[in-house]
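The structure appears right after this line, and notes come after that.
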Amino acid sequence: MAPERLAELDADDDADDRALPELPNAEAFEEVRMRVAPNPNGPWHLGHARMPAVIGRYKERYDGWMLCRFDDTDPETKRPDLDAYDAILEAIDYLGFEPDEVTRASDRVETYYEHARRLIDAGGAYTCSCGGEEFSAMKNDAEPCPHRDKSAATTREEFDAMVAGEYDSGDVVLRVRTDIEHKNPALRDWVAFRMVDTPHPREAAAEYRCWPMLDFQSGVDDHLFDVTHIIRGIDLQDSAKRQRFVYDYFDWEYPEVVHWGHVQVDAYDVALSTSTIKEQVEAGELDGWDDPRAPTLASLRRRGIRGEAIVDAMAELGTSTSNVDLAMSSVYAKNRELIDDEADRRFLVRDGVERPLVGGPDTAEAPLHPDHEDRGVREIPVGEAVRLEPADLPATGERVWLKSLGPVRNTGDAFEFTDDDIAVVREGDVDVVHWVPAAASVPLRLRTPDGDVTGRVEPGLAAQEAGDVVQFERVGYARIDRLDDDTVAYFAHR
RNA sequence: GCUCCGUUGGUGUAGUCCGGCCAAUCAUCUUGCCCUCUCACGGCAAGGACCAGGGUUCGAAUCCCUGACGGAGCACCA
């Protein structure tokens, strides 16, 4: 590799390093081990990309290890969607990362039971049949409930009955014995296991009725997988404090934790919420999860946004605990950098108006890419008439330069070729606009985040392949989705 | 109500721990200019911020106090 190229790579690495702060205490560990722990209750939206993006970047920087652990321990309220497991792995792949290991909490329930029994034997948990509100009232007054001083043996017995499914939902829970007088009420004797009547959608886990809560399951797994660094949202700020009680009973060392705020994204009408998107898809307001109006990763992918652009933008958000707004313009700017060089140029005229053409050449020749003449030219047959976007139509008597074709004057009902030199463009007297031949052009539907637009595109588009990203000159970048009688492109950005 | 956490330009971020090198970094954004047969790409330039008030200090974005604003938890959700 040429030295200057190496220098460039170094510079890139530096830029990445600067975007994210160092992980706390990273040098103290032989290997930085992290996990992304999604709940597979639906396909991912843009906000979900932050975790794999940042963990992926840290994995690269520290030569670390990444686990994808599906925290699917709620068969009811946050019921897993069986398609989401693979969809999430695909999304991680789209972002450019590969987990070193993939696991599902619903496959590890027996492990959680074992640790629950150990915790009970250590005096760290008790079964409790208080009603939720009832317990909450006592807890808020720092009063222990009547079950708190139950013996380990009794608790063992009752927990085994929970595991055996001998209780119904709501009858009894297993609580961690923390500090009922802790000044923060959020940490007092929290629930570790509860009964769920609804079977888990995964067949392998369908028989379990006694399910761990996130704080217990996640806390145990983080230790068992030797996770060194946990990154998670501020909504889980108290989780570490809760889990430390369990870690203390087991004499485990708690991992380093980084909490970050919520991400909002501008530029979307649709909320960044799996359930909201799901409703809109089901109601037919969106044409599926990859509708260009949906703020999902599937949608961005279909629009020709590179995963790397999303990762770059997410890494730039850093890991601060305050809430952040991600500007889509930032993602678009990153993506433009990545795709411009290889995007062939094409003409697309939206909602065009047609004008007969008098005089001029039969064909136009335009470069496929202005910076790469070696890639050749597009030959565009002109025909009897051309179409322009209405905003580009010059007033009667005025001229316009049809890009790669030449200068014309609007005579009112037609365009007449003039013998103007390109100098009129350079002097700023005449605008250069894109156009398509009225007859030879083909219809195209451009799907955008703001709805669909119809137009006509130069016939040479047929030379592209579905999946190509092109730049429709003066319109923007788009990914060709299908090329046939119903040609469709998905708009990326300007 | 109880308990945590945060507040640097339109957006994000660096700097805050260990006060001076910060009249505050970088990116995006907006505007202008250059380049150009694209309003893209590239180049140049400009614009725009330390939540407020007190205090400590020779000196505060940085330390202390008070307040305002914002966020989170107190779920048999994740």
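Values in this document were obtained by computation on a predicted structure and should not be read as measured data. Naming convention: chains lettered A, B, ... in sequence-line order (proteins, then strands); numbering from 1 in each chain.
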Atom-pair distance (OH on A/Y332; P on B/rU11), nearest Å:
19 Å
Donor-acceptor contacts, no H, no angles, side chain residues 256-268 of chain A, under 3.5 Å, sequence neighbours left out:
| from | atom 1 | to | atom 2 | distance (Å) |
| --- | --- | --- | --- | --- |
| A/E256 | OE2 | A/N25 | ND2 | 3.1 |
| A/H259 | NE2 | A/L236 | O | 3.4 |
| A/D266 | OD1 | A/M328 | N | 2.9 |
| A/Y268 | OH | A/R303 | NH1 | 3.2 |

For atom CG of A/D374, decide whether the heavy atoms of other residues, nucleotides or ligands shown that lie under 6.0 angstrom number more than 12.
yes
Hey, is A/E60 close enough to A/R57 for a salt bridge, meaning N to O under 4.0 Å?
yes
Quick check: A/H200 with A/Y208 (ring centres under 6.0 Å apart)?
no
Distance check needed: B/rC2 C1' versus A/E143 CD, whole Å only.
15 Å
Produce a footprint string for nucleotides 72-78 of chain B: one letter per nucleotide, 5' end first; B if the base is under 4.0 Å from any protein heavy atom, S if only the sugar-phosphate is, - if neither.
SBBSBBB
Salt bridge check: are A/R209 and A/D197 linked by an N-O gap of less than 4.0 Å?
no
Is the number of heavy atoms from other residues, nucleotides or ligands within 6.0 Å of CD (A/E27) greater than 12?
yes
Taking only Lys NZ, Arg NE, NH1 and NH2, and the carboxylate oxygens of Asp or Glu, determine whether A/R409 and A/E416 approach each other closer than 4.0 Å.
no
Between B/rA40 (C1') and A/D340 (CG): distance, integer Å
6 Å
Using a 4.0 Å cut-off on heavy atoms, which residues in residues 422-435 of chain A reach RNA chain B? List them by number, or say none.
A/I422, A/R426, A/V432
Inter-nucleotide C1' distance (B/rG12, B/rU7), Å rounded:
14 Å
When the P atoms of B/rG73 and B/rA46 are compared, how many Å lie between them, rounded to an integer?
45 Å
Are any of the side-chain nitrogens in A/D81 or A/R79 under 4.0 Å away from the carboxylate oxygens of its partner?
no
Quick one: A/K183 NZ to B/rG1 P, roughly how many Å, whole number?
18 Å
Could you tell me how the ring of A/H372 sits relative to the ring of A/H369: parallel (under 30°), tilted (30 to 60°) or perpendicular (over 60°)?
perpendicular
Within the 4.5 Å heavy-atom criterion, are A/R117 and A/V163 side-chain neighbours or not?
yes
Measuring only the C1' atom in each nucleotide, how far is B/rU8 from B/rG15? A whole number of Å is fine.
9 Å
With no hydrogens and no angle check, is any side-chain donor or acceptor of A/N335 less than 3.5 Å from a backbone partner on A/R306?
yes
A/F193 and A/F216: aromatic ring centres closer than 6.0 Å?
yes
Would A/R378 count as a cation-pi partner of A/F347, with NZ or CZ less than 6.0 Å from the six-membered ring centre and within 45° of the ring normal?
yes
Not counting sequence neighbours, list each pair that qualifies as a salt bridge (charged side-chain N to carboxylate O under 4.0 Å, His left out) and has a residue in residues 161-189 of chain A.
A/R148-A/D189
Taken to the nearest whole Å, CZ/A/F491 to C1'/B/rA40 is 11 Å
For the P atoms, the ones on B/rU11 and on B/rC76, what distance do you get once it is rounded to whole angstrom?
38 Å
For atom CG of A/D325 and atom C1' of B/rU7, their distance in whole Å:
14 Å
Pick the P atom in B/rA52 and in B/rC69, then give their distance to the nearest Å.
15 Å
Taking only the P atom of each, what is the distance from B/rU66 to B/rU3 in whole angstrom?
14 Å
Every protein N/O within reach of nucleotides 28-31 of chain B N/O, cut-off under 3.5 Å:
| from | atom 1 | to | atom 2 | distance (Å) |
| --- | --- | --- | --- | --- |
| B/rU28 | O2' | A/S329 | OG | 3.4 |

Could you spell out the base pairing of RNA chain B in dot-bracket, with Watson-Crick or G-U pairs whose two distances are under 3.5 Å, [ ] crossing and | to another strand?
(((((((..(((.......[.....)))((((((.......))))))...(((((..]....))))))))))))....
A/L338 CG to B/rA40 P, straight-line distance once rounded to whole Å
18 Å
Report which part of the nucleic acid A/T321 touches: base, sugar-phosphate, or nothing (heavy-atom distance under 4.0 Å, all strands).
sugar-phosphate
Do the side chains of A/E458 and A/R346 get close enough for a salt bridge, i.e. N-O under 4.0 angstrom?
yes
Work out how far the C1' atom of B/rU13 is from that of B/rC29, and round it to whole angstrom.
14 Å
Between A/E473 and A/V324, which residue's closest nucleotide on RNA chain B lies nearer the 5′ terminus?
A/V324
Round to the nearest Å and state the distance from A/H182 atom NE2 to B/rC4 atom P.
9 Å
Same-atom distance (P) from B/rC4 to B/rA24, integer angstrom
37 Å
